[in-house]
Amino acid sequence: QVQLVESGGGLVQAGGSLRLSCAASGSTGSIFSISRMGWYRQAPGKQRELVAFISSGGSTDYADSVKGRFTISRDNAKNTVYLQMNSLKPEDTAVYYCNARPYGLVRQTDYWGQGTQVTVSS
């Protein structure tokens with residue numbers, strides 16, 4: 001019922017680009033348009049960190065480490081959120097997770113995708 005499916009990860013050289021996609025379906029798809037969507041990443045042995053998020057209205061914010069290089073966007077008609085990653089660095093290597101955070105819940109709830117590996121070689 002609740003599904004967030006990431007795609008687009010892979011191996012890329014430093015300076016290259018990659019575009020991640022996250023398609024929401026089932027009950028997650030039904031609440032996509034009223035959710036803040038985000039991308040998080042986690043490197044081995046490190047804490048999961050917020051990379052970027054986009055509100056239901058299209059407002060965006062980014063971690064300082066990716067500002068100017070990454071762009072988050074969403075297509076509500078397709079229930080899909082994207083992360084365009086340019087000028088990739090080895091430090092960007094991590095598993096990237098799609099996140100949905102619905103508005104209006106009594107208790108904040110996060111839904112997660114399974115993750116997609118991004119590896120940037122030096």
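Note that these values count all heavy atoms, side chains included, but never hydrogens, waters or copies made by symmetry.
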A side-chain contact here means heavy atoms from C-beta on lying under 4.5 Å apart; do Tyr103 and Ile31 qualify?
no
Would you please indicate if the ring centroids of Trp39 and Phe70 are separated by under 6.0 Å?
no
So how far is it from Leu4 CG to Ser25 OG, rounded to the nearest 0.5 Å?
8.0 Å
Gap between atom CG of Asn86 and atom OG1 of Thr71 - 0.5 Å precision
6.5 Å
Please determine whether residues Val5 and Tyr111 belong to a single hydrophobic cluster, defined as Ile, Leu, Val, Met, Phe, Trp and Tyr linked transitively by side-chain heavy-atom distances below 4.5 Å.
no
Counting only N and O atoms by type, is there a donor-acceptor contact under 3.5 Å from the side chain of Ser122 to the main-chain atoms of Val120?
no
Work out which heavy atom in Lys78 is nearest to a heavy atom in Thr80; give both atom names and the distance.
O-OG1, 2.9 Å
For residues 51-60, which side-chain N or O atoms pair as donor and acceptor with protein atoms under 3.5 Å away, sequence neighbours left out?
| residue | atom | partner | partner atom | Å |
| --- | --- | --- | --- | --- |
| Ser55 | OG | Gly57 | N | 3.3 |
| Ser55 | OG | Gly58 | N | 3.3 |
| Ser55 | OG | Ser59 | N | 3.0 |

From Phe32 atom CZ to Met37 atom CE, the distance as rounded to the nearest 0.5 Å:
5.0 Å
Using a distance-only test with no angle check, is there a side-chain donor-acceptor pair under 3.5 angstrom linking Thr119 and Gln117?
yes
Can you tell if the side chain of Ser17 reaches within under 4.5 Å of the side chain of Gln84, non-hydrogen atoms only?
yes
For the pair Trp112 and Arg48, evaluate side chain to side chain contact (heavy atoms under 4.5 Å, CB included) and give the outcome as yes or no after the intermediate values.
CA-CA 12 Å; Trp112 298 95; Arg48 184 180 63 195; 3.3 Å; yes
N-O pairing of Asp64 and Lys67 below 4.0 Å
yes
Heavy-atom pair with the smallest gap, counting every atom of Pro102 and Ser35
CA-OG, 3.4 Å
Do the side-chain N and O atoms of Asn99 and Arg101 include a donor-acceptor pair separated by under 3.5 angstrom?
no
Checking Gln114 against Glu6: is there a side-chain donor and acceptor pair closer than 3.5 Å?
yes
Within this structure, what is the CZ-CG distance for the pair Arg41 and Leu50, rounded to the nearest 0.5 Å?
10.0 Å
Do Val81 and Ser73 come within less than 4.5 Å of each other through their side chains, counting heavy atoms only?
no
Once you round to the nearest 0.5 Å, how far does OG of Ser65 lie from CD of Glu49?
5.5 Å
Flag side-chain contact, heavy atom, 4.5 Å: Arg19 against Ser7:
no
Quick one, Val66 and Met85 - any side-chain contact, counting heavy atoms below 4.5 Å?
no
Beyond-backbone contact of Thr116 with Leu20, side-chain heavy atoms, under 4.5 angstrom
yes
Among residues two or more places apart or on two chains, list those pairs meeting ring pair (Phe, Tyr, Trp, His ring centres under 6.0 Å) that have a residue in residues 80-101.
none
Under the rule for salt bridge (Lys or Arg N to Asp or Glu O under 4.0 Å), what residues qualify as partners of Asp75, not counting sequence neighbours?
none
